[in-house]
2 protein chains.
Amino acid sequence: MARPMRTRRQATLASLAAELGVSRTTVSNAYNRPDQLSPELRRRVLDTAHKLGYPGPDPVARSLRTRKAGAVGLLLTENLSYAFRDPAAVGVLEGLALACEEAGVGLHLVPASPGSEEVAAVHRAGVDGFVVYSVPDDDPHLAAVLSRPVPTVVIDQPSIEGLDRVGPDDSTSIRKMAGHLIELGHRQVGVLCMRLARERNDDFVSLERQRSAHFHVQRTRLEGLAEAFGKVGVDWASVPVVERFEHTVDDGASAARQLLDAYPQVTALICTSDILALGALAEAGRRGLRVPADLTVTGFDGIADAQRAGLTTVHQPVLEKGRVAGRLLLVDNERLEPKVITLPTELRVGTTSAPPRTAEELWFGP
Amino acid sequence: MARPMRTRRQATLASLAAELGVSRTTVSNAYNRPDQLSPELRRRVLDTAHKLGYPGPDPVARSLRTRKAGAVGLLLTENLSYAFRDPAAVGVLEGLALACEEAGVGLHLVPASPGSEEVAAVHRAGVDGFVVYSVPDDDPHLAAVLSRPVPTVVIDQPSIEGLDRVGPDDSTSIRKMAGHLIELGHRQVGVLCMRLARERNDDFVSLERQRSAHFHVQRTRLEGLAEAFGKVGVDWASVPVVERFEHTVDDGASAARQLLDAYPQVTALICTSDILALGALAEAGRRGLRVPADLTVTGFDGIADAQRAGLTTVHQPVLEKGRVAGRLLLVDNERLEPKVITLPTELRVGTTSAPPRTAEELWFGP
DNA sequence: GTGAAAGCGCTAACAA
DNA sequence: TTGTTAGCGCTTTCAC
């Protein structure tokens, strides 16, 4: 089983053909079209190949010739390492991997850190198409992907005209949540949201920044909330929104802390993800606030941990997002018109939302 | 921003050169060696490229010419989708992704289902090297990888002479656990282990199957246990070992059920992974067994959930495994001698292990 | 600073 | 069934 560390490519298809005294076509056929030559000849070719240490047709050369790389690229502007930590992202990856398995193609993860302007890796990726997942609309890696002459499908964001896209209807989805909270009677709400732009801002968010957010999923959710609450007389300008660049439970907790420190009168914390909401829950516990009696907390995504925690959230089929995107790219790619697929979401009311305490309760207890 | 679904490759480096009336070299230099031509000419080249819709040098053609694919392949004989579910595997992936990011190369996940004999995807992968993670020594995909003339490093298993390998010392590690249990006084133990071969066997494991297991990590752990317990007079042939093909918490629970149903006298359940142990814990609860008073349960890996559950386990640095493997392949690959890197492990005694109840306690209560 | 020549290793018409 | 001919699109000496 021993083998040298760096085996030099010894033999090529051509040298093998020469050795055998047959044409290159024949050798090629031995590997790619067994029916095109006699079993005996094929055996002889394969045996000699083995003897000469010929490892079979070079994949890169073959790709150049056939114009098929046999892989799809995945661009997500988040440290890959982190992506594996977010259950929602893992779900998407899982679905995409499933679609790739079905089609027998590789999944090429493109290295692209959020801060980096280094897009060479995108240009270097030998892939037949790209899946872009949750990337800001002004990201340089995205621009690099768009410059490549291969089909591309976007999951969630950005929304680019002419491109296939898979995702939930964020506007409608978040309005279900808003409706739920409004019905319960909440008017003093606060929001915890994810990164709105490439520039870091772990702080309260101005209306201007909300409006111009480069992550349109977040922007749309904020807009939806603003409009829904506006309709019942809440001035959105007075609603505190706290942003976090990193998407972790701890960041959710610190965001909740920052918001509640400044706005203790808030009766509901609306989070644009379950991860942030889980953090908010932890912070509520730390402050001795009972959920939902003293504070309502809601999330978005419907990850397993959220369900376990009884979180009121909007569930979206994350695995399905990845799988559908993969299939769009791999099997259903003969279309001329771009396809936008909207996946269903569902409001899941858990045990973390309830009517706010009335003023009387606040003064006299329940 | 609109763009056609399937953009045909319009321009090539050659056509661009022709259009500009310069040589191909010059165009190539404009992209790859900016210092080799005047800034003005470079601008002119790039501008014209943009105008003609030339997307820059084709990555596959470039790879063929430079003999560098800019990607490393990852082979794991597990549904990719599942790999994302196992925190230990995710840790490895994360570490590997980190190393790839550092080096600016892509990570190409090779589609290879455990049952499949379809190895074409391995041959088709345009990569500069492979990382093989937790694959049985007789897997056909592995053979395909070994036939490729590129450097390869193995994480955990199999152990192949001449190949780089990174992993813990399984024999020593499991003996720490055995020592702990022996010291506590356990002699009636049972074992839950992961898949031992490509053929499914969700059942008790014969000594023969233990000995001939194709996953040497599991084999080594079983051997270590057998030897350690043998030294204190335990006849390993009498020790029940239950195997599960799938590696999930639920499978751990069902394995524990199967074992305890048949061997209720067992005082300790040794699991070869935390996931299985977590399942065992759940099953113990279901049966009304208190852990560790009535039953000791131990794991292996040291994943976060295990720590949360207070599981007694052997911790291994999973992220480090991935990162080290990646670096071995990407930065430190000029060696001639294969390198075997053994990562440290640590016995972490939690709250799930305690001395077994004595016979008296069993009769008269503690 | 720029160009000419020579492949990288392979597959796909088409012809024999 | 097998061979001939033509590239796929690019980079890289090496001259000029």
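Throughout, protein chains are lettered first and strands after them, A, B, ... in sequence-line order, and every chain is numbered starting at 1.
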State which residues pass side chain to side chain contact (heavy atoms under 4.5 Å, CB included) with B:A89; sequence neighbours excluded, sorted by chain then number. B:D86, B:Y133

Could you pull out all residues at least two apart from A:V90 that satisfy side chain to side chain contact (heavy atoms under 4.5 Å, CB included)? A:E94, B:F84

Among C:dG9, D:dC8, C:dC10, the one nearest any side-chain atom of A:P57 is C:dC10

Among residues two or more places apart or on two chains, list those pairs meeting salt bridge (Lys or Arg N to Asp or Glu O under 4.0 Å) that have a residue in residues 32-48 of chain B. B:R43-B:D47

Can you tell whether the side chains of A:D156 and A:R165 come within less than 4.0 Å, N to carboxylate O? no

Would you mind checking if B:R195 and B:E78 are paired as a salt bridge, meaning a charged N to carboxylate O distance below 4.0 Å? yes

Considering only heavy side-chain atoms of B:R62, the closest of D:dG9, C:dT11, D:dT11 is D:dT11

Residues from residues 119-127 of chain A lying under 4.0 Å of DNA chain C - heavy atoms: none

Set of side chain to side chain contact (heavy atoms under 4.5 Å, CB included) partners for B:V132, sequence neighbours left out: B:L75, B:V135, B:L142, B:V145, B:T152, B:V154, B:P158

Do any of residues 31-38 of chain B sit with a heavy atom less than 4.0 Å from DNA chain D, and if so which? B:N32, B:R33

Whole-Å gap separating P (C:dC8) and CG (A:D58): 12 Å

Can you list everything that forms a salt bridge (charged side-chain N to carboxylate O under 4.0 Å, His left out) with B:E118? Sequence neighbours excluded, please. none

For nucleotides 3-7 of chain C, tabulate all protein N/O to nucleotide N/O atom pairs closer than 3.5 Å, reporting atom names and distance.
residue, atom, partner, partner atom, Å
C:dG3, OP2, B:S23, N, 2.9
C:dG3, OP2, B:S23, OG, 3.4
C:dG3, OP2, B:T26, OG1, 2.8
C:dA4, N6, B:T25, OG1, 2.8
C:dA6, N6, B:R24, NH2, 3.1
C:dG7, N2, B:R65, NH1, 3.1

Suppose the criterion is ring pair (Phe, Tyr, Trp, His ring centres under 6.0 Å): which pairs have a residue in residues 14-44 of chain B, not counting sequence neighbours? B:Y31-B:Y54

note: B:L13, atom CG; D:dT11, atom C1'; distance rounded to Å ~ 9 Å

Does B:D128 use its side chain to pair, donor to acceptor, with the backbone of B:G70 at less than 3.5 Å? yes

Can you give each donor-acceptor pair under 3.5 Å made by side-chain atoms of residues 106-115 of chain A, sequence neighbours left out, with the distance rounded to 0.1 Å?
none

Angle, rounded to 10°, between the helical axes spanning five pairs at each terminus of the helix from C:dG1-D:dC16 to C:dA16-D:dT1? 30°

Contacts of type side chain to side chain contact (heavy atoms under 4.5 Å, CB included), residue A:A14, not counting sequence neighbours: A:T12, A:R24

Determine yes or no for a side-chain-to-main-chain donor-acceptor pair under 3.5 angstrom, with B:Q157 supplying the side chain and B:H216 the backbone. yes

